[in-house]
Amino acid sequence: IYKFHKNQVIDFNKIETTPGVLCWQEKRAIENVGLYIPGGTAPLFSSVLMLAIPAMIAKCKNIVLCSPPNKSGELHPAILYCAKLCKVDTVICVGGAQSIAAMSIGTETVPKVNKIFGPGNQFVTYAKLKSINFNTAIDMPAGPSELLVLADKHANPSYIASDLLSQAEHGPDSQVIFVSLSKSLINEVEKCINDQVKSLDRIDFINKSIFFSRPRNRCQLYFKPKYNRHPRARRCGTRERRWLACGDGASSAIGRRCPL
């Protein structure tokens with residue numbers, strides 16, 4: 001994560017478009033940023049890394065992290081460790097829409113921030129949209145987790161099953177789709193899902209969200225552009241040229257071992 005975002009730091013070059021007129025692009029860090037980390041049903045410490053590392057590289061002056069407590073009234077140790085690792089300035093044990101409101105307006109214990117980042121449920125998303133009215137920017141109104149996996153017969157069914165389950169367990173409104181022209185691979189992936197789901201705690205969410213798509217021949221590339229949403233993965237062999245025909249999308253992971 002650090003290497004990827006560190007590469008986004010570039011030097012600006014001044015261009016003289018006409019004599020005496022200089023133009024350039026310059027990136028400056030947001031002074032105060034708020035990071036919302038879900039933790040009510042599962043501690044998403046990966047979100048800490050994905051949000052706090054770019055803020056650390058950008059040298060934001062103040063990084064405020066809000067996350068809901070567990071049943072014991074404490075933050076998960078993994079969230080606290082990642083926050084320390086990423087040099088987060090302030091960690092506050094509060095979650096839900098109220099934490100978004102606090103970072104938007106500012107309270108005696110929660111600093112006001114300039115921009116709020118991070119995913120959340122429908123209540124958190126609605127609160128983020130309302131925070132714009134208080135001169136607080138947001139990254140985006142995040143929707144439910146959605147994943148599309150395209151794979152051919154060379155793919156590892158165990159890896160595909162893990163990817164599908166990792167997104168399906170986010171919530172009952174999550175949506176995961178597996179597309180393949182190999183019937184044997186589809187059957188193997190389904191078997192792997194049934195085996196792996198036995199060891200997961202959030203099986204209720206998974207049962208409500210997961211389903212398969214079995215398209216007929218030659219309809220993969222027609223189906224994919226209609227589903228440009230959350231992350232998508234392509235676990236295939238050497239036929240990378242087909243990927244160029246898939247158009248744009250939110251984010252893409254290509255290769256047999258690409259993690260999501």
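Numbering of residues begins at 1 and proceeds along the displayed sequence.
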Quiz prompt | Side chain S131, main chain K128, donor-acceptor under 3.5 Å | solution = yes
Self-check item: D139 side-chain N/O to G118 backbone N/O, donor-acceptor pair under 3.5 Å
Solution: yes
Are [Y] and [X] connected in a single hydrophobic cluster, I mean Ile/Leu/Val/Met/Phe/Trp/Tyr linked by side-chain heavy atoms less than 4.5 Å apart?
| X | Y | value |
| --- | --- | --- |
| F45 | Y2 | no |
| V124 | L75 | no |
| L35 | L44 | no |
| V91 | Y36 | no |
| L85 | I79 | no |

Quiz item: Listed by chain and number, what are the salt bridge (charged side-chain N to carboxylate O under 4.0 Å, His left out) partners of K84, not counting sequence neighbours?
Solution: none
Self-check item: Any residue meeting salt bridge (charged side-chain N to carboxylate O under 4.0 Å, His left out) with D89, in chain and number order, not counting sequence neighbours
Solution: none
Quiz prompt | Fellow cluster residues of I10, listed by chain then number, with links counted only when side-chain atoms sit under 4.5 Å apart | solution = none
Exercise. Classify the side-chain pair K112/S104 by whether it contains a donor and acceptor separated by less than 3.5 Å.
Key: no
Quiz item: Between the side chains of S180 and S182, is a donor N or O closer than 3.5 angstrom to an acceptor N or O?
Solution: no
Holding to side-chain hydrogen bond (donor to acceptor under 3.5 Å, both in side chains), I want the full list of residues that pass it with [X], two or more places apart in sequence or in another chain.
| X | value |
| --- | --- |
| K191 | D195 |
| S47 | none |
| S199 | none |

With sequence neighbours excluded, tell me which residues meet side chain to side chain contact (heavy atoms under 4.5 Å, CB included) with [X].
| X | result |
| --- | --- |
| S162 | Q196 |
| A127 | A97, I100 |
| A137 | K115 |

Quiz item: For N194, does the CG atom sit with more than 12 other heavy atoms under 6.0 Å from it, leaving out its own atoms?
Solution: yes
Quiz item: Are more than 12 heavy atoms from other residues, nucleotides or ligands located less than 6.0 Å from atom CZ of F4?
Solution: no
Can you give me the closest heavy-atom contact between [X] and [Y], atom names plus distance?
| X | Y | result |
| --- | --- | --- |
| F117 | V33 | CE1-CG1, 3.9 Å |
| I193 | A161 | CG1-CB, 3.6 Å |
| F178 | A151 | CE1-CB, 3.7 Å |
| I92 | T109 | CD1-O, 3.6 Å |

Quiz item: I138 and I132: side-chain contact (heavy atoms from CB on, under 4.5 Å), yes or no, with the steps?
Solution: CA-CA 7 Å; I138 64 172; I132 299 175; 4.2 Å; yes
Quiz item: Please walk me through it: do I116 and T136 pass side-chain contact (heavy atoms from CB on, under 4.5 Å)?
Solution: CA-CA 7 Å; I116 298 175; T136 303; 3.9 Å; yes
Quiz item: Yes or no on side-chain contact (heavy atoms from CB on, under 4.5 Å) for K130 and N133, after CA distance, side-chain angles and deciding distance?
Solution: CA-CA 6 Å; K130 287 296 183 180; N133 298 330; 4.0 Å; yes
Quiz item: Pairs in or reaching into residues 178-189: which pass salt bridge (Lys or Arg N to Asp or Glu O under 4.0 Å), with residues at least two apart or in two chains?
Solution: none
Would you give me the side-chain donor-acceptor pairs under 3.5 Å for residues 49-68, sequence neighbours excluded?
from	atom 1	to	atom 2	distance (Å)
N62	ND2	N32	OD1	2.6
S67	OG	I37	O	2.8

With a 3.5 Å cut-off and sequence neighbours excluded, list the donor-acceptor pairs that the side chains of residues 17-28 form with protein atoms.
from	atom 1	to	atom 2	distance (Å)
W24	NE1	E26	OE1	3.1
E26	OE2	R28	NE	3.1
E26	OE2	R28	NH2	3.3
K27	NZ	Q8	O	3.4

Quiz item: Given L164 and Y159, is the side-chain contact (heavy atoms from CB on, under 4.5 Å) satisfied, shown in steps?
Solution: CA-CA 9 Å; L164 295 172; Y159 292 172; over 6 Å; no
